[in-house]
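Everything below concerns the one structure shown next.
Convention: sequence-line order gives letters A, B, ...; per-chain numbering from 1.
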2 protein chains.
Amino acid sequence: MPEIDHESPTPVYRQIAALIVKEIESGALPVNRKIPSESALTQRFGVARTTARHAVAHLREEGWVFTVPQRGTFVKERAGADDD
Amino acid sequence: MPEIDHESPTPVYRQIAALIVKEIESGALPVNRKIPSESALTQRFGVARTTARHAVAHLREEGWVFTVPQRGTFVKERAGADDD
DNA sequence: TATCATTTGTGCGTATGTATA
DNA sequence: ATATACATACGCACAAATGAT
């Protein structure tokens with residue numbers, strides 16, 4: 001279930017980020033939908049919160065999501081993407 | 001801005017430590033003032049967190065600062081130094 | 001009003017692996 | 001082998017804001 005390979009040369013945080021991107025692209029996570037919290041990711045993938053945070057920070061830097069303190073992180077609107 | 005010279009024979013962590021000492025001596029960082037966090041130093045100087053940590057550890061060994069776990073690192077009182 | 005759970009923000013402690021000189 | 005430096009990853013603790021009760 002975790003789908004995380006700790007032996008892979010690809011860092012864990014990037015693997016998690018990639019999986020979330022996949023969910024965004026598939027439509028499972030539409031625009032403005034809250035993505036799983038850091039704690040949720042921590043449990044789901046069996047990683048440390050710092051690692052989950054790193055994955056989210058990466059998604060933010062890549063423009064996939066935006067974060068609202070104390071509320072959560074949400075899927076960002078992109079040019080050429082369908083709205084919810 | 002970084003004022004860090006990676007080509008210098010002086011290790012990066014010592015250069016950072018020296019800059020902080022300068023700020024303490026100039027009064028920019030008075031006694032009991034919290035010095036920049038490891039993350040802040042990491043960003044400010046464009047170094048790895050381990051390097052920033054090394055710089056802070058060095059300052060601690062030299063008696064310039066003291067660290068309170070989970071709270072931060074603060075400027076230590078010195079004999080002959082003015083209080084804040 | 002007060003309390004509680006949730007969630008992000010911040011900060012340090014530690015360890016491993018890699019690379020270079 | 002040692003010192004330096006970076007990237008990654010796990011752990012722990014506390015703060016602050018939000019939302020629900």
- Crowding at NZ, A:Lys22 (>12 non-hydrogen neighbours, <6.0 Å):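 Atom NZ in A:Lys22 is not crowded, with 12 or fewer foreign heavy atoms closer than 6.0 Å.
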- Could you walk me through whether B:Ile20 and B:Leu41 pass the side-chain contact (heavy atoms from CB on, under 4.5 Å) check? CA-CA 10 Å; B:Ile20 295 175; B:Leu41 294 175; 4.1 Å; yes
- Item | Nearest to side-chain heavy atoms of A:Val12, which nucleotide of D:dA5, D:dA9, C:dT8 |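 For the A:Val12 side chain, the nearest candidate turns out to be D:dA9.
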Rounding to an integer number of Å, can you tell me how far [X] [atom1] sits from [N] [atom2]?
{"X": "B:His6", "N": "C:dA19", "atom1": "NE2", "atom2": "C1'", "result": "15 Å"}
{"X": "A:Gln43", "N": "D:dC10", "atom1": "CD", "atom2": "P", "result": "14 Å"}
{"X": "B:Glu7", "N": "C:dT20", "atom1": "CD", "atom2": "C1'", "result": "13 Å"}
{"X": "B:His54", "N": "C:dG13", "atom1": "NE2", "atom2": "C1'", "result": "16 Å"}
{"X": "A:Lys34", "N": "C:dT8", "atom1": "NZ", "atom2": "C1'", "result": "10 Å"}
{"X": "A:Arg60", "N": "C:dT7", "atom1": "CZ", "atom2": "C1'", "result": "13 Å"}
{"X": "B:Ile35", "N": "C:dG11", "atom1": "CD1", "atom2": "P", "result": "11 Å"}
{"X": "B:Glu38", "N": "D:dA5", "atom1": "CD", "atom2": "P", "result": "16 Å"}

- Query: If you look at every heavy atom in A:Ala52 and A:Glu38, which pair is closest and at what distance?
  - Reply: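 Looking at all heavy atoms of both residues, the shortest contact is CB-O, 3.8 Å.
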- Between A:Phe66 and A:Glu77, is any pair of side-chain heavy atoms under 4.5 Å apart?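 No, every pair of side-chain atoms sits at 4.5 Å or beyond.
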Please work out if [X] contacts a base, only the sugar-phosphate, or nothing of the nucleic acid, heavy-atom cut-off 4.0 Å.
{"X": "A:Val56", "result": "nothing"}
{"X": "A:Thr50", "result": "base"}
{"X": "B:Thr67", "result": "sugar-phosphate"}

Distance below 4.0 Å between [X] side-chain N/O and [N] OP1 or OP2:
{"X": "A:Arg49", "N": "D:dC10", "value": "no"}
{"X": "A:Tyr13", "N": "D:dT8", "value": "yes"}
{"X": "A:Ser37", "N": "C:dT7", "value": "yes"}
{"X": "B:Arg71", "N": "C:dC12", "value": "no"}

- Rounded distance (nearest 0.5 Å) linking atom CD1 of A:Ile16 with atom OG1 of A:Thr10: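 Those atoms lie 12.5 Å apart.
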- Query: Can you find an N or O donor on one side and an acceptor on the other, under 3.5 Å apart, linking the side chain of A:Gln70 with the base of C:dT8?
  - Reply: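 Yes, the side chain and the base share a sub-3.5 Å donor-acceptor pair.
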- Message: With nearest nucleotide decided by heavy atoms, which residue, A:Pro69 or A:Pro11, maps closer to the 5′ end of DNA chain D?
- Response: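 Final value for this comparison: A:Pro11.
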